[in-house]
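Encoded as structure tokens, the structure appears first; notes follow it.
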Amino acid sequence: MEGARLNISKFDQLLEEYQAICPVKIKYKDESFFMQFIQVLIYWFNPRFLSDYTTVIGHTIYFTNREYVIHHERQAMKSLAHEMVHILDAQKSGWFRFALSYLFPQILAIGVLSFPWLGWWALGFLLFLPPWKAPYRSEYEARAYAIDIINTPFALREEAIVRICSMFGEWGYYRMNQDREEVRLNLDYWVNEAESGHDPELSRVLLIYEMVVEG
């Protein structure tokens, strides 16, 4: 039994450590009908949802496929740490509140379903559908990407920051924040909070990650 334990992968070690905090589960998008259904809904703005993005819903983290985790273990570990920040933030604020704020303001577009009661006025809710700035989504992602930045070799950090700032304005995140300077300042803030220990959730995720990687 002890010998089998010694063969456990770094990714599985990290997962076990995070599961000691909360009951996080791992699933794979190419094995999930639910994820494939979501892809149909959002394909028009994010055709790479199944192939390029790791997604968390509740306590379940959906990686693209098993092969990615096996053959790109270190990157998968970084993604796991990133998604753990979202899970802890959702636990802290409440899952329903987290989901609504993450999807705000576009979530308000579902008000169009009140058409039978409000008549044509209900179509006004569609004004929330365009890719307006999403302040809460941008904040949540900046916190999570701070972990990615810290876990990037120092010599490559600048390149990583530029790439992340660009991603915030792309369609993959529904163009949640196109002000790259603002995004960079926010990333710098959360990196400092995590490294200084001022933010308990970020620091906990980071310390566990570093313990497993360096162990």
Side-chain angles (χ1 to χ4, degrees), residues 8-29 52-64 68-70 72-103 134-161 163-165 167-168 172-173 176-177 183-215:
I8 188 171
S9 70
K10 287 283 189 178
F11 179 87
D12 288 334
Q13 289 180 45
L14 183 61
L15 177 60
E16 284 188 1
E17 293 294 337
Y18 285 147
Q19 285 174 330
I21 302 175
C22 62
V24 59
K25 297 184 294 183
I26 300 297
K27 292 186 178 181
Y28 302 94
K29 289 185 175 182
D52 292 5
Y53 289 84
T54 302
T55 303
V56 60
I57 297 181
H59 285 101
T60 302
I61 300 174
Y62 292 86
F63 283 90
T64 55
Y68 171 79
V69 174
I70 294 171
H72 304 278
E73 184 179 55
R74 183 58 63 88
Q75 185 58 44
M77 291 172 67
K78 289 175 65 175
S79 296
L80 176 57
H82 175 113
E83 302 301 343
M84 274 301 302
V85 175
H86 290 322
I87 290 174
L88 294 180
D89 282 347
Q91 285 192 160
K92 183 176 181 179
S93 62
W95 295 98
F96 184 71
R97 180 181 176 185
F98 177 85
L100 287 183
S101 58
Y102 188 91
L103 296 173
Y136 298 107
R137 181 157 70 251
S138 181
E139 187 77 2
Y140 288 135
E141 291 297 343
R143 284 172 52 77
Y145 273 113
I147 298 297
D148 293 59
I149 292 170
I150 296 171
N151 292 333
T152 299
F154 190 80
L156 300 176
R157 277 196 184 185
E158 179 61 27
E159 179 182 342
I161 291 171
R163 176 178 54 81
I164 292 168
C165 288
M167 289 170 57
F168 274 51
Y173 284 111
M176 60 185 174
N177 193 339
V183 172
R184 187 184 185 103
L185 289 173
N186 212 15
L187 289 170
D188 288 343
Y189 173 80
W190 289 118
V191 166
N192 181 67
E193 287 292 289
E195 291 183 324
S196 65
H198 292 160
D199 187 287
E201 285 78 22
L202 291 181
S203 297
R204 194 174 189 184
V205 170
L206 178 62
L207 287 173
I208 291 173
Y209 178 91
E210 292 177 340
M211 176 189 71
V212 173
V213 169
E214 298 171 3

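What's counted below: heavy atoms across the whole structure, side chains too, no hydrogens, waters or symmetry copies.
A 4.5 Å side-chain heavy-atom check between Ile161 and Thr152 finds every atom pair outside the cut-off. Contact check for Glu201 versus Met84: no side-chain heavy atoms found under the 4.5 Å cut-off. Side chains of Met77 and Asn151 form no contact here, defined as non-hydrogen atoms less than 4.5 Å apart. You'll find the side chain of Glu16 reaches within 4.5 Å of the side chain of Ile8, heavy atoms only. For the pair Asn177 and Glu141, the minimum side-chain heavy-atom distance is 4.5 Å or more. The closest side-chain heavy-atom distance from Trp190 to Ile147 is not below 4.5 Å. Side-chain contact check for Leu80 versus Val69: every heavy-atom pair is 4.5 Å or farther apart. Using a 4.5 Å cut-off on side-chain heavy atoms (C-beta onward), Thr54 and His82 make no contact.
In the displayed structure, Tyr173 atom OH is contacted under 6.0 Å by more than 12 heavy atoms of other residues, nucleotides or ligands.
Distance check: Trp95 CH2 to Ile57 CD1 gives 11.0 Å after rounding to the nearest 0.5 Å. To the nearest 0.5 angstrom, Glu193 atom CD is 12.0 Å from Asp188 atom CG. To the nearest 0.5 Å, atoms OH (Tyr18) and CD (Glu83) are separated by 11.5 Å. Ile164 CD1 to Ile149 CD1: the interatomic distance, rounded to the nearest 0.5 Å, is 4.0 Å. In this structure, Leu88 CG and Ile21 CD1 are separated by 6.0 Å, a value rounded to the nearest 0.5 Å. With rounding to the nearest 0.5 Å, the separation of CG in Leu14 from CD1 in Ile208 is 8.0 Å.
Among all heavy-atom pairs drawn from Gly172 and Tyr53, the shortest one is CA-OH, 3.2 Å. Pairing each heavy atom of Ser79 with each of Tyr68, the nearest pair is OG-OH, 3.8 Å. When all heavy atoms are compared, the tightest approach of Leu103 to Arg137 is CA-NH1, 3.7 Å. Residue Ile61 comes nearest to Val24 through the heavy atom pair CD1-CG2, 3.6 Å, listed as atom of the first residue, atom of the second, then distance. Across all non-hydrogen atoms, the minimal contact from Asp199 to Arg143 is OD2-NH1, 2.8 Å. When every heavy atom of Asn186 is checked against every heavy atom of Ser138, the shortest pair comes out as ND2-O, 4.4 Å.
By the salt bridge (charged side-chain N to carboxylate O under 4.0 Å, His left out) test, Lys25 is found to be paired with no residue, residues two or more places apart in sequence or in another chain being considered. Legend: residues meeting ring pair (Phe, Tyr, Trp, His ring centres under 6.0 Å) with Tyr140, ordered by chain and number and at least two apart, are Phe98.
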Check step by step if side chain to side chain contact (heavy atoms under 4.5 Å, CB included) holds for Arg184 and Phe168.
-> CA-CA 10 Å; Arg184 187 184 185 103; Phe168 274 51; over 6 Å; no
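For the side chain to side chain donor-acceptor pair (under 3.5 Å) condition, no pair includes a residue of residues 203-215, sequence neighbours left out.
Here the side chain of Glu73 pairs a donor or acceptor atom with the backbone of Lys10 at under 3.5 angstrom.
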